[in-house]
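Along the sequence shown, residues are numbered consecutively beginning with 1.
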Amino acid sequence: MSAEIPDRNLALELVRVTEAAATFAARFTGRGDKIAADQAAVDAMRLMLDTVSMRGVVVIGEGEKDEAPMLFNGEEVGDGTGPEVDVAVDPLEGTRLTALGMPNAIAVIAVAERGTMFFPGAALYMDKIAIGPEAADAIDVDATPTENLERIAEVKSCAVNDLTVVVLERDRHDDLIAELREAGARVNLIRDGDVAPAIAAAQTGTGVDLLMGIGGTPEGVISAAAIKCLGGAMQGKLWPRNDDERQRLVAAGFDIDRVLTADDLVQGEDIYVAATGVTNGALLRGVRVVGDRVETESIVMRSRSGTFRRIVASHSLTKIQSLMKGAR
């Protein structure tokens with residue numbers, strides 16, 4: 001790993017990257033074309049990444065699971081100066097959310113020292129649980145949902161029925177949802193995208209206490225980066241969908257039974273995460289056009305300092321439209 005560590009100014013450079021991706025993608029909100037929205041976000045993110053002072057390699061690329069347009073794993077990004085870093089991206093987390101005009105779509109990027117991010121390979125899915133600092137020691141992905149709820153409620157000095165759990169709305173979660181409700185918790189079902197809810201679970205005042213369930217492994221790595229910045233906790237286990245996938249993972253050297261923590265997923269100690277809202281959500285407000293300006297809301301965080309910033313920016317619509325033409 002390079003002796004040169006990322007500079008604090010990298011944080012603001014990364015916000016420019018997610019602002020561009022979110023702004024480009026937002027043009028397709030509610031238009032029913034998730035591929036076009038994703039392509040616009042990818043093009044904008046790649047365009048801005050080339051201006052960032054870093055020597056980055058994409059470890060977590062976007063789109064492999066659903067064969068969407070993407071920034072490829074192994075792709076070199078940055079302007080060729082500055083620190084050597086691993087890069088995890090999701091130019092548009094919530095492509096379908098954007099296409100349908102639904103909440104909680106974001107553009108997100110995470111950066112850490114070179115060689116510190118978990119590469120999931122063929123491990124497309126993982127069972128995960130994420131929570132904030134207050135109950136970081138209370139979670140156990142091997143315990144039952146009820147046991148986790150009871151431990152978290154005890155630490156937070158509240159009742160289980162005061163807890164809100166975010167879960168992806170999938171058939172595979174029917175039993176999980178039933179048990180959470182039987183235990184008394186409120187279940188907030190989401191259609192897609194579990195990075196934003198994982199970040200929300202690691203913060204106070206969002207109305208989300210924890211995230212549970214099976215989602216993408218690449219998204220898990222990005223979530224882990226944010227959770228390390230926020231001081232929360234995350235645990236996960238790889239979740240092969242069938243025996244063939246299980247055998248391929250074992251053959252590739254993955255330990256299916258291993259509990260992966262946030263520190264396993266992102267080993268770095270100098271981590272940056274930036275995210276910008278595309279559509280309105282619990283974590284971020286979406287892109288808005290106000291007169292001849294475009295307004296964005298973003299968050300950026302750094303693990304080394306523990307700094308968390310919320311940035312509201314106003315951009316010239318004319319200049320953004322010119323930039324869009326240059327990206328085509």
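- For the pair Ala159 and Ala153, the tightest heavy-atom approach, listed with the atom from each and the gap, is C-CB, 4.0 Å.
- Nearest heavy atom pair, residue Pro240 against residue Leu249, reads CB-CD1, 3.9 Å.
- At a threshold of 4.5 Å between non-hydrogen side-chain atoms, the residues Val57 and Glu84 do not count as touching.
- Other residues, nucleotides and ligands place more than 12 heavy atoms under 6.0 Å from the CG atom of Asn242.
- The two residues Glu113 and Asp270 come nearest to each other via the heavy atoms OE2-N, 3.1 Å.
- Contact of the Met48 side chain with the Glu19 side chain is not registered, since no non-hydrogen atoms from C-beta on lie closer than 4.5 Å.
- Gly56 and Val87 make their closest contact through CA-CG2, 4.0 Å (heavy atoms, listed as atom of the first residue, atom of the second, distance).
- Expressed to the nearest 0.5 Å, how far CZ of Arg170 lies from CG of Leu189 amounts to 10.5 Å.
- Under the 4.5 Å side-chain criterion, counting only non-hydrogen atoms from C-beta, Val167 is not in contact with Pro197.
- In this structure, Asp192 and Thr95 have side chains that are not in contact, with every pair of non-hydrogen atoms separated by 4.5 Å or more.
- Atom CG in Asp140 sits 8.0 Å away from atom CD in Glu147 (nearest 0.5 Å).
- Leu14 and Val42 fall within a single hydrophobic cluster, where Ile, Leu, Val, Met, Phe, Trp and Tyr are joined by side-chain heavy atoms under 4.5 Å apart, directly or via other members.
- Side-chain atoms of Thr261 and Asp264, non-hydrogen and from C-beta on, do get closer than 4.5 Å to each other.
- Across Pro133 and Ala202, no two heavy atoms sit closer than the pair CD-O, 3.5 Å.
- In this structure, Leu97 shares a hydrophobic cluster with Leu100, Met102, the cluster being traced through Ile, Leu, Val, Met, Phe, Trp and Tyr side chains under 4.5 angstrom apart.
- Both Ile139 and Leu163 are assigned to one and the same hydrophobic cluster, defined by single-linkage of ILVMFWY side chains at heavy-atom distances under 4.5 Å.
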Item to complete: Step by step, work out the side-chain contact (heavy atoms from CB on, under 4.5 Å) result for Arg285 and Val312.
Response: CA-CA 9 Å; Arg285 192 181 67 192; Val312 177; 3.9 Å; yes
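- Contact of the Leu284 side chain with the Thr276 side chain is not registered, since no non-hydrogen atoms from C-beta on lie closer than 4.5 Å.
- Here the side chain of Glu179 pairs a donor or acceptor atom with the backbone of Thr146 at under 3.5 angstrom.
- Checked by atom type and distance alone, the side chain of Thr279 never pairs as donor or acceptor with a backbone atom of Gly286 at under 3.5 Å.
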Worksheet entry | Audit row: His173, Ile214, side-chain contact (heavy atoms from CB on, under 4.5 Å) steps and yes/no | CA-CA 8 Å; His173 289 148; Ile214 297 158; 3.6 Å; yes
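- The salt bridge (Lys or Arg N to Asp or Glu O under 4.0 Å) check on Arg246 picks up nothing, with sequence neighbours excluded.
- Under the 3.5 Å distance criterion, with hydrogens and angles disregarded, a donor-acceptor pair is assigned to the side chains of Asp43 and Gln39.
- Taking all atoms of both residues into account, the shortest heavy-atom contact from Leu176 to Pro145 is CD1-CG, 3.5 Å.
- The side-chain tip of Arg310 does not point at the ring of Phe308 from less than 6.0 angstrom away and within 45° of straight on.
- For the pair Leu71 and Pro91, the minimum side-chain heavy-atom distance is below 4.5 Å.
- Around the CG atom of Asp50, the shell of radius 6.0 Å holds more than 12 heavy atoms that belong to other residues, nucleotides or ligands.
- In this structure, Ile106 is a member of the same hydrophobic cluster as Ile227, with clusters built from ILVMFWY side-chain heavy atoms closer than 4.5 Å.
- Within the 4.5 Å cutoff, the side chain of Phe118 has heavy atoms near those of the Thr217 side chain.
- Scored by the side chain to side chain contact (heavy atoms under 4.5 Å, CB included) test, Val289 finds Val294, Leu317 as partners (sequence neighbours excluded).
- In this structure, the separation between OG1 on Thr116 and CG on Asp263 is 11.0 Å, given to the nearest 0.5 Å.
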